[in-house]
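Here is the structure we will look at, set down as structure tokens.
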Amino acid sequence: MDRFKENEFPVMPSVPHQPDEFAFPKRPCGSSMRSFRAPWFKEFKFLHYDEAKDVVFCHTCVTAFQQKKMKGANAEASFVSPFDPTTIL
């Protein structure tokens with residue numbers, strides 16, 4: 001996924017958005033269809049799911065970036081960019 005620009009980030013609530021009664025969209029992944037799984041929220045407490053874009057963020061990282069606690073070279077793309085939720089193993 002492409003890196004988001006600072007003005008494209010979702011407004012982060014004080015806690016990550018982690019819906020447990022949501023029908024996560026399925027996407028092709030190789031020869032199968034995959035989707036995000038709600039149980040991952042229990043294992044990865046920092047995950048923030050954006051339902052509108054079907055992407056996942058590191059809530060802690062994006063919040064730190066938006067509060068200017070992390071910027072420039074410290075804002076590693078892998079931490080402040082959304083990622084395809086079907087790639088979490």
Side-chain angles (χ1 to χ4, degrees):
M1 300 218 138
D2 294 330
R3 183 180 172 129
F4 269 30
K5 293 180 180 67
E6 185 174 357
N7 64 347
E8 296 175 328
F9 283 114
V11 174
M12 285 291 168
S14 60
V15 296
H17 177 64
Q18 299 184 338
D20 59 354
E21 297 294 327
F22 180 71
F24 296 99
K26 292 186 182 251
R27 295 185 187 184
C29 183
S31 61
S32 62
M33 296 295 283
R34 297 181 71 180
S35 68
F36 187 84
R37 296 181 50 230
W40 289 333
F41 291 134
K42 289 185 186 347
E43 186 175 350
F44 305 105
K45 305 267 187 216
F46 58 87
L47 293 178
H48 171 86
Y49 185 75
D50 184 326
E51 293 175 28
K53 294 186 167 107
D54 187 33
V55 293
V56 179
F57 291 93
C58 169
H59 181 272
T60 305
C61 301
V62 173
T63 300
F65 183 75
Q66 289 177 330
Q67 293 174 354
K68 309 290 186 218
K69 293 179 180 176
M70 178 173 62
K71 61 183 178 180
N74 295 329
E76 174 64 37
S78 60
F79 296 109
V80 296
S81 296
F83 54 95
D84 181 340
T86 61
T87 61
I88 299 174
L89 299 177

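Just so it is clear, the model here is predicted, and its values are computed rather than measured.
Residue pairs meeting the side chain to side chain donor-acceptor pair (under 3.5 Å) criterion with at least one partner in residues 15-25, sequence neighbours excluded, are His17-Glu51.
Residue Pro25 comes nearest to Ser35 through the heavy atom pair O-CB, 3.1 Å, listed as atom of the first residue, atom of the second, then distance. Between Pro16 and Leu47, the closest heavy-atom pair is CB-O, 3.0 Å. Of all non-hydrogen atoms in Ala38 and Pro19, the two that sit nearest each other are CB-O, 4.0 Å.
Annotation: the span from Met12 atom CE to Gln66 atom CD amounts to 6.0 Å, rounded to 0.5 Å. How far NE2 of His48 is from SG of Cys58: 11.0 Å, rounded to the nearest 0.5 Å.
Below 30°, between 30° and 60°, or above 60°: for Phe41 and Tyr49 the angle between ring planes is above 60°, a perpendicular geometry.
For Gln67, the side-chain contact (heavy atoms from CB on, under 4.5 Å) partners are Thr63, Lys69, not counting sequence neighbours.
In this structure, His59 contributes its side chain and Lys45 its backbone to no donor-acceptor pair below 3.5 Å.
A continuous path of hydrophobic side-chain contacts links Phe22 to Phe44 [ILVMFWY only; heavy atoms under 4.5 Å].
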